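Working notes for the structure below.
This is a predicted model, so every value here is computed, not measured.
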Amino acid sequence: MLNCSKFEKAQQSIDALIVEISTPHLGLKPFMSIREQIDRQRVKHIVSSYQLAGQDEVQFVPCLDALLHSYPLPLIELALVETLVDGWAAVPLVRGLAFLKQVHDKLKGWDAGSIASTITPAQFQQITGLDPSPIFGAPTAIARSS
């Protein structure tokens with residue numbers, strides 16, 4: 001299992017500081033750019049769309065936050081989708097901390113070598129409903145299915 005205890009304490013301190021100095025009228029965290037907020041929202045969309053937190057949401061969220069602070073957000077999006085596709089062969093789908101551990105293992109593997117994605121931009125868009133260009137680079141023409 002992914003050990004998140006050291007990250008949880010740090011995250012609690014950061015969260016407390018952000019609450020103290022956040023901009024109440026906008027509801028924005030001042031240290032996070034709009035781009036970072038959008039990227040984080042994309043990750044949350046993937047997690048919520050497939051209910052990847054499972055029954056472990058209380059533990060899942062701080063561990064996901066630890067990953068968000070450790071790896072580039074587009075890489076996390078890709079790892080989530082790659083792990084999701086890999087997991088579709090298993091019934092029931094692995095969720096919660098076990099799923100997040102698989103994502104983390106994939107990210108560590110990519111750190112050690114090159115990133116070899118089996119997902120195309122069109123597949124990414126079909127699976128997530130999100131624009132694939134932040135993950136795969138320049139915008140691509142993806143035909144809409146009718």
Side-chain angles (χ1 to χ4, degrees), residues 1-54 56-88 93-145:
M1 286 291 167
L2 185 63
N3 183 355
C4 296
S5 60
K6 66 180 179 180
F7 295 113
E8 288 176 15
K9 289 181 183 179
Q11 187 62 43
Q12 288 171 352
S13 298
I14 291 169
D15 289 345
L17 179 62
I18 289 172
V19 167
E20 287 179 22
I21 60 175
S22 65
T23 313
H25 64 284
L26 295 177
L28 300 176
K29 296 179 180 178
F31 295 112
M32 197 179 302
S33 72
I34 297 296
R35 177 80 249 162
E36 290 170 322
Q37 290 179 35
I38 291 170
D39 289 345
R40 282 178 170 264
Q41 192 61 36
R42 288 171 56 97
V43 169
K44 289 178 183 179
H45 169 75
I46 296 167
V47 169
S48 67
S49 293
Y50 289 96
Q51 302 172 349
L52 298 176
D56 301 326
E57 191 162 355
V58 172
Q59 295 173 321
F60 186 93
V61 171
C63 290
L64 179 60
D65 281 343
L67 287 179
L68 293 172
H69 289 292
S70 301
Y71 295 94
L73 292 168
L75 202 57
I76 293 171
E77 283 184 54
L78 184 58
L80 285 168
V81 173
E82 290 263 354
T83 304
L84 181 62
V85 170
D86 292 345
W88 280 341
L93 179 68
V94 174
R95 290 184 165 87
L97 294 178
F99 179 85
L100 209 52
K101 182 183 183 326
Q102 292 175 4
V103 170
H104 190 223
D105 290 344
K106 187 169 291 290
L107 289 165
K108 288 189 294 188
W110 289 345
D111 263 353
S114 65
I115 300 168
S117 176
T118 58
I119 304 294
T120 66
Q123 290 168 330
F124 181 90
Q125 186 176 40
Q126 288 173 331
I127 292 165
T128 65
L130 298 170
D131 176 18
S133 61
I135 311 306
F136 295 94
T140 56
I142 299 175
R144 289 196 172 266
S145 58

(message) If I compare all heavy atoms of S117 with all of I119, which pair ends up nearest, and what's the gap?
(response) OG-N, 3.1 Å
(message) Can you tell me how the ring of F124 sits relative to the ring of F136, calling it parallel under 30°, perpendicular over 60° and tilted otherwise?
(response) perpendicular
(request) Can you see which heavy atom on L68 is nearest to which on L73, and at what distance? (result) CD2-CD2, 3.0 Å
(request) Show the numbers, then the answer: is there a side-chain contact (heavy atoms from CB on, under 4.5 Å) between I115 and L78? (result) CA-CA 10 Å; I115 300 168; L78 184 58; 4.2 Å; yes
(message) If I take atom CD from residue Q123 and atom CD from residue E82, how far apart are they, to the nearest 0.5 angstrom?
(response) 9.0 Å
(message) Are the side chains of L130 and H45 in contact, using a 4.5 Å heavy-atom criterion?
(response) yes
(request) Decide, yes or no, whether a salt bridge links K108 with D105 under the criterion of side-chain N to carboxylate O below 4.0 Å. (result) yes
(message) Can you tell me how far apart CD1 (I127) and OG (S49) are? Round to the nearest 0.5 Å.
(response) 12.0 Å
(request) Measure the shortest side-chain to side-chain distance between K106 and D86 over non-hydrogen atoms and say whether it is less than 4.5 angstrom. (result) yes
(message) Please determine whether side-chain contact (heavy atoms from CB on, under 4.5 Å) holds for the pair L64 and R40, giving the CA-CA distance in whole Å, both sets of side-chain angles, and the decisive distance to 0.1 Å.
(response) CA-CA 10 Å; L64 179 60; R40 282 178 170 264; over 6 Å; no
(message) Tell me the closest heavy-atom pair linking P134 and P74, and the distance in Å.
(response) O-CB, 3.6 Å
(request) Give the intermediate values and the outcome of side-chain contact (heavy atoms from CB on, under 4.5 Å) for residues T128 and E77. (result) CA-CA 9 Å; T128 65; E77 283 184 54; over 6 Å; no
(message) I'd like to check F60 versus V47 (side-chain heavy atoms, cut-off strictly below 4.5 Å). Are they in contact?
(response) yes
(request) Could you tell me which non-hydrogen atom of P132 sits nearest to which non-hydrogen atom of Q125, and how far apart they are? (result) CD-CB, 4.1 Å
(message) Evaluate L84 against L93 for side-chain contact (heavy atoms from CB on, under 4.5 Å), listing each step before the verdict.
(response) CA-CA 8 Å; L84 181 62; L93 179 68; 3.7 Å; yes
(message) Could you check whether any side-chain N or O of E36 sits under 3.5 Å from a backbone N or O of S33, counting only pairs where one atom can act as donor and the other as acceptor?
(response) yes
(request) Looking only at non-hydrogen atoms, find the nearest pair between V58 and P62 and report the distance. (result) O-CD, 3.1 Å
(message) If we check side-chain hydrogen bond (donor to acceptor under 3.5 Å, both in side chains) with D39, which of these qualifies: R42, R35, Q37?
(response) R35
(message) Counting C-beta onward and ignoring hydrogens, is there a side-chain heavy-atom pair between V103 and Y71 closer than 4.5 Å?
(response) no
(message) What I'd like to find out is whether the side chain of D56 reaches to under 4.5 Å of the side chain of F99, using heavy atoms alone.
(response) no
